[in-house]
Structure formats: C-alpha cells, structure tokens
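Order of the sequence lines sets the chain letters (A, B, ...), proteins ahead of strands, with each chain counted from 1. As the structure is a prediction and not an experimental result, all values here were calculated from the model.
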Number of protein chains: 2
Amino acid sequence: MIDRFLMKLRARDEIGPEEEQALRDAISDVRDVPADQVVIRAGQEMTVCTLLLDGLMCRYKDLAGGQRQISELHVAGDFADLHSFTLKRLDHNILALTPCRIALAPHERIAEITERLPHLTRMLWFSTNLDAAIHREWELSLGRRTALARVAHLFCELQIRLGIVGLADETGYELKLTQTDMAECLGLTSVHVNRTLKELREGGLVEFRNWRVTILDQRGLEQAAEFNPDYLYLDQQPR
Amino acid sequence: MIDRFLMKLRARDEIGPEEEQALRDAISDVRDVPADQVVIRAGQEMTVCTLLLDGLMCRYKDLAGGQRQISELHVAGDFADLHSFTLKRLDHNILALTPCRIALAPHERIAEITERLPHLTRMLWFSTNLDAAIHREWELSLGRRTALARVAHLFCELQIRLGIVGLADETGYELKLTQTDMAECLGLTSVHVNRTLKELREGGLVEFRNWRVTILDQRGLEQAAEFNPDYLYLDQQPR
DNA sequence: CGGGTGTTTGACCCAGATCAACTGGGGTGG
DNA sequence: CCACCCCAGTTGATCTGGGTCAAACACCCG
C-alpha cells in the first residue's frame with residue numbers, strides 16, 4: 001500500500017524493516033477522491049498528511065484575475081502535504097487532477113516517528129526538501145526557459161519520477177493531464193502549450209496523445225530541456 | 001550571534017532555553033565572506049550548514065545560455081542551506097551578494113539535535129519548509145504575475161522578512177541589491193526592472209534609490225502585488 | 001444524436017526583450 | 001587634484017515570444 005512511497009525513499013537511502021513497519025503503522029485510513037476535487041484548501045488547519053497511492057494531484061495557487069499557477073505535480077508514492085506536519089496549515093490548495101486513492105497519516109503518528117526514529121525522521125524531512133528542489137527547478141523553468149524547453153523539461157522530470165515507482169519506462173508513460181493543466185504548471189496558455197507540443201512532435205522528440213507521453217528521442221528531448229536530473233537526488237546516500 | 005535566527009523562529013513558535021543553548025552549541029565557527037563570492041557550489045559534498053548573520057545571499061541556478069535564475073534571497077537570520085543536512089549536496093549555488101558574516105553548524109551537531117530534541121528538530125524542519133513556501137510564492141510570481149506585481153511583491157516580502165529580524169520598519173529598509181540581481185530574482189531583464197521601478201516610483205508606491213527601499217504607500221503596494229503574507233507563516237503555533 | 005470537454009488552428013496584439021547609447025558617481029593612479 | 005575608468009542606472013527605438021480572441025474539430029458518453 002505504501003509500497004510506492006518506500007520505492008521512492010529507497011531510491012535515496014536504505015530503509016530498515018523497523019522503519020518500514022513504522023511507516024505502515026502511520027497510516028490510519030485509505031480513501032478515494034474523485035477527479036477535480038480540491039482535497040485541501042489553503043489556510044485550513046491540518047492534522048493529517050496525505051500520501052498519494054494512485055492518481056495525479058497538484059499544489060496550486062490562484063491570483064484574483066482567475067489565473068492559476070501549479071507549483072508541483074504529485075505522482076503515486078508522493079506525500080502531497082507532508083510539509084503540513086510542521087506548517088500546520090498550507091499556503092496553497094491541493095487538487096486531485098484524476099480520480100485518486102489516498103492514505104492518511106495523522107500528525108500524531110508522524111510526531112511519534114520524530115520521537116523514536118531519527119533516521120526515518122530525516123528521510124521524511126528529506127522528502128519535503130526534495131519537493132523544494134523541484135520547486136527551485138520549476139522556478140528556473142518559469143523564469144528563464146523558453147516554452148519549448150519548459151514542456152520538454154516537464155516530460156523529462158515526470159519520466160524519472162514515474163520511473164522510480166514503476167509507472168514509466170524508456171518508451172514513455174501514461175499522463176492524465178490536460179493541456180490546460182500543463183499550461184498552469186508551465187506559466188503558459190493552453191493555446192501555446194498546444195503549439196509547443198506540435199513543435200516537439202514534428203521535431204521527433206516526444207508525442208503526447210491519448211493521455212500517453214511517448215518519448216521519441218530521449219537524448220534530444222533532454223538537450224532541448226537542458227535537463228539535468230541532479231535535482232531529483234537519485235543517488236543512494238546515508239541521510 | 002544566532003539572535004536573528006532565534007527571532008525568526010520565535011516569530012513562529014516558542015523556543016525554550018535548552019533549545020536555545022543547543023542552537024548556540026551547534027555553531028562551530030564564524031567567518032566573513034566577501035561580496036560576489038560563490039560560497040557553495042552545486043553538487044559539492046556538504047558537511048556543515050551556513051547561517052547568515054549579516055549581509056545578503058542568494059540561491060541560484062544557471063542555464064547554458066548564461067541566463068541565471070535566483071530562487072531565493074537570504075537575509076540575516078536565515079540558514080542559507082539547512083536543507084543540505086538531509087540532501088548532502090545542493091542542486092543550486094549559493095552566492096554572497098554583499099559582504100557577509102556567516103556562522104557554520106556542522107551536520108553532526110544538527111544530527112545530535114535530531115536525536116535529542118524533537119521539537120527543535122521540527123522547528124528546523126519547519127524552517128526548510130518555509131523556504132519551500134517562499135519558492136512556491138515565487139513560482140506564482142514567475143509564472144503569472146506582471147512585471148510590476150513581481151517587483152512590488154518582492155519589496156513586500158522583504159519588508160516582512162527583514163522586519164522580523166529588526167532590519168525593516170513601516171517606512172522601508174536597506175537593500176544592497178542591483179537591478180540586475182533583482183531581474184535575476186524576478187525572471188526579467190535589468191532594463192525592464194529599471195522601467196518598472198520608475199513606474200512604481202511615479203505611481204507613488206515605492207522608491208528604490210541609494211540601496212534603500214522607501215515604502216511610500218504600503219496599502220497600494222500590497223494591492224499592486226496581490227500580496228498576502230500567509231505564506232510566511234507569521235502565526236505563533238505549537239509546531 | 002446532442003452537448004460537454006479537450007484540442008487544434010488562424011489572425012492579430014502586446015508585455016517585456018533586445019540593442020544601443022548615454023549619464024553619473026566613486027575609486028584610483030599619475 | 002584631475003583624468004580616466006568602471007559599474008550601475010537610465011532612456012529610446014525596435015523586435016518577438018507568447019498571449020488573446022475566436023472559430024472549428026473530435027471525441028466521448030449518455
């Protein structure tokens with residue numbers, strides 16, 4: 001059940017059986033969420049964390065003009081809001097982009113982990129720092145990359161993140177994301193995302209059709225994106 | 001010495017005398033860094049964390065074309081790289097924008113804190129989550145705000161962050177940042193930052209001259225920025 | 001077969017980039 | 001003490017990547 005989260009952690013450091021059990025025991029509940037539901041609203045008081053078991057979620061903020069910025073996508077195996085454990089409320093909303101299955105981990109149980117298991121605590125801390133690293137890379141995309149590079153970069157990032165939890169291979173992956181959603185990740189309009197996808201397709205780099213990303217030329221795609229996976233911290237390290 | 005960091009934490013939760021002492025004991029060394037020095041390079045192995053005592057630093061990433069994106073500014077009282085404690089190396093560089101005084105906290109001493117003081121551990125964890133919240137707000141600026149709103153927003157953010165550590169009041173604050181630096185924070189060019197500053201000045205909102213930000217109309221500035229300080233988590237909360 | 005959601009394309013527009021020249025203060029060395 | 005330079009800021013002229021507006025199109029699904 002928490003297997004994908006374990007895969008994610010074990011891509012970065014060893015997790016012992018006692019730690020694994022503590023994580024399993026941290027889950028109080030599992031439930032399903034329909035697509036397009038706002039799961040957590042900014043400002044609301046938080047007492048549990050949400051582990052995404054299946055589906056796609058995002059963190060987003062709105063401006064008064066109705067414009068929206070997605071600050072991160074969450075795939076299966078991600079905690080959508082582990083940072084709520086220390087923040088106590090969030091500065092952004094969390095939305096289910098597809099039907100999702102989630103597991104709930106009450107803050108008290110995570111607090112117990114911090115009292116008893118320092119290494120696992122550091123791994124949970126690491127996990128929130130990884131989200132921050134993704135935020136930084138997106139800041140670079142939003143501030144400096146061209147539309148083409150932004151789209152290409154997102155595809156590269158998701159290939160790796162989904163690959164870690166067994167949901168992508170070198171040929172591609174399923175991605176239930178509309179072009180409007182993508183635009184809200186990338187600081188673009190859906191019209192321009194559409195044109196950019198066409199350019200990537202005609203350039204023989206990637207194809208995105210029928211909710212599937214097909215990598216046509218991985219090397220070329222990564223070059224177009226100036227993609228460097230270091231920010232995903234895939235090296236096995238004692239943390 | 002670590003007083004400004006304590007001010008920053010105490011704006012969010014109570015810190016007891018034992019915790020305060022543990023933080024003081026975590027510092028191994030204090031040193032000075034000249035302006036424009038890259039203090040930490042992406043990828044380098046980290047064994048200490050850097051607490052900024054005085055001056056201005058930033059985290060940044062470069063693209064091949066020589067373009068640079070600053071992902072966060074650090075003011076006195078901020079840890080520039082507390083996240084290196086769990087990440088072990090960074091995905092970005094850290095640069096001293098002005099002459100800086102820094103204190104070093106070896107990872108082993110922070111690890112001791114995680115073994116012995118769970119609440120203080122959560123406060124340090126909180127501190128890295130606060131950086132992530134700032135990243136998210138910058139993503140919103142970079143992705144969706146106009147140039148005018150971006151500049152205004154940065155001035156609002158810094159007024160609050162500097163105010164917490166006693167370096168700003170309602171009239172304004174000192175800011176040793178070139179227009180080129182600002183452009184690299186905001187995803188703009190220095191030319192356009194210059195024009196935007198003129199517009200803000202002539203609109204009677206803020207003035208930025210001689211390295212000082214003078215707030216002329218705080219309400220108006222915050223409206224222009226759509227500034228909402230919630231993401232800085234200024235509420236006192238048990239964390 | 002109709003309506004809703006997502007995609008595609010065309011025509012035109014504009015915020016911010018680019019390029020280039022000039023100002024102005026502060027440091028420095030002759 | 002002045003001449004020079006360097007760096008930051010300022011301004012004008014022009015360009016362009018991506019936005020806006022609007023109209024098809026293509027699926028589903030009921």
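The NZ-C1' distance, from Lys176(B) to dC7(D), rounds to 16 Å in whole Å. Rounded to an integer number of Å, the gap from CH2 of Trp211(B) to P of dG25(C) is 14 Å. Between Leu148(A) atom CG and dG18(D) atom C1' there is a gap of 13 Å when expressed in whole angstrom units. If you measure from atom CG of Asn210(B) to atom P of dG26(C), you get 9 Å, rounded to the nearest angstrom. Straight-line distance from the CG atom of Asp36(B) to the C1' atom of dC6(D): 14 Å, rounded to whole Å. If you take CG of Leu197(A) and P of dG6(C), they are 15 Å apart, rounded to a whole angstrom. Across the protein-nucleic acid pair, Glu207(B) atom CD and dG9(D) atom C1' stand 14 Å apart, rounded to whole Å. A straight line from CD of Glu199(B) to C1' of dG16(C) spans 12 Å, rounded to a whole angstrom.
Residue pairs that meet the side-chain hydrogen bond (donor to acceptor under 3.5 Å, both in side chains) test with at least one member in residues 34-47 of chain B, sequence neighbours left out, do not exist here. Sequence neighbours left out, the pairs with a member in residues 184-228 of chain B that pass ring pair (Phe, Tyr, Trp, His ring centres under 6.0 Å) are His153(B)-Phe227(B), Phe155(B)-Phe208(B).
Checking dT18(C), dT9(C), dG16(C) against every side-chain atom of Ala147(B), the shortest atom distance belongs to dG16(C). The side chain of Thr146(B) has dG16(C) as its nearest neighbour among dG16(C), dT7(C), dT9(C). Between dT10(D), dC21(D), dG19(D), one nucleotide has an atom nearer to the side chain of Thr189(A) than all others, and that is dG19(D). Comparing atom distances between the Asn194(B) side chain and each of dT10(D), dT7(C), dG18(D) picks out dT10(D) as nearest. Listed candidates were dG6(C), dA8(D), dG19(D). Nearest to the side chain of Thr178(B) is dA8(D).
No more than 12 heavy-atom neighbours from other residues, nucleotides or ligands sit within 6.0 angstrom of CZ on Arg31(A).
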* So Ile40(A) and Asn93(A), side-chain contact (heavy atoms from CB on, under 4.5 Å) or not? Walk me through it. -> CA-CA 6 Å; Ile40(A) 294 152; Asn93(A) 305 295; over 6 Å; no
* Could you please spell out the steps behind the salt bridge (Lys or Arg N to Asp or Glu O under 4.0 Å) verdict for Arg59(A) and Asp131(A)? => CA-CA 11 Å; Arg59(A) 307 177 176 180; Asp131(A) 288 325; 3.1 Å; yes
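Side-chain atoms of Leu158(A) and Val75(A), non-hydrogen and from C-beta on, do get closer than 4.5 Å to each other.
Across all strands shown, Leu188(B) has heavy atoms under 4.0 Å from sugar-phosphate atoms exclusively, and none from any base.
The distance from atom CD of Gln223(B) to atom SG of Cys156(B), rounded to the nearest 0.5 Å, is 10.5 Å.
One finds a side-chain N or O of Gln179(A) lying less than 4.0 angstrom from the OP1 or OP2 phosphate oxygen of dT8(C). In this model, the phosphate group of dT10(D) is not approached by any side-chain N or O of Lys198(B) to a distance below 4.0 Å at OP1 or OP2.
Projected onto DNA chain D by closest heavy-atom contact, Arg201(B) and His192(A) fall at different nucleotides, the more 5' of which corresponds to Arg201(B). Nearest-nucleotide positions on DNA chain C for Arg209(A) and Arg150(B) put Arg209(A) closer to the 5' end. Judged by closest nucleotide on DNA chain C, Val191(A) is the one of Arg144(A) and Val191(A) placed further toward the 5' end.
Of the residues in residues 65-72 of chain A, none has a non-hydrogen atom less than 4.0 angstrom from any atom of DNA chain C.
Judged by distance alone, the side chains of Tyr233(B) and Asn129(B) never bring a donor and an acceptor atom under 3.5 Å apart.
Under 3.5 Å, the side chain of Arg195(B) and the base of dG9(D) form no donor-acceptor pair of N or O atoms.
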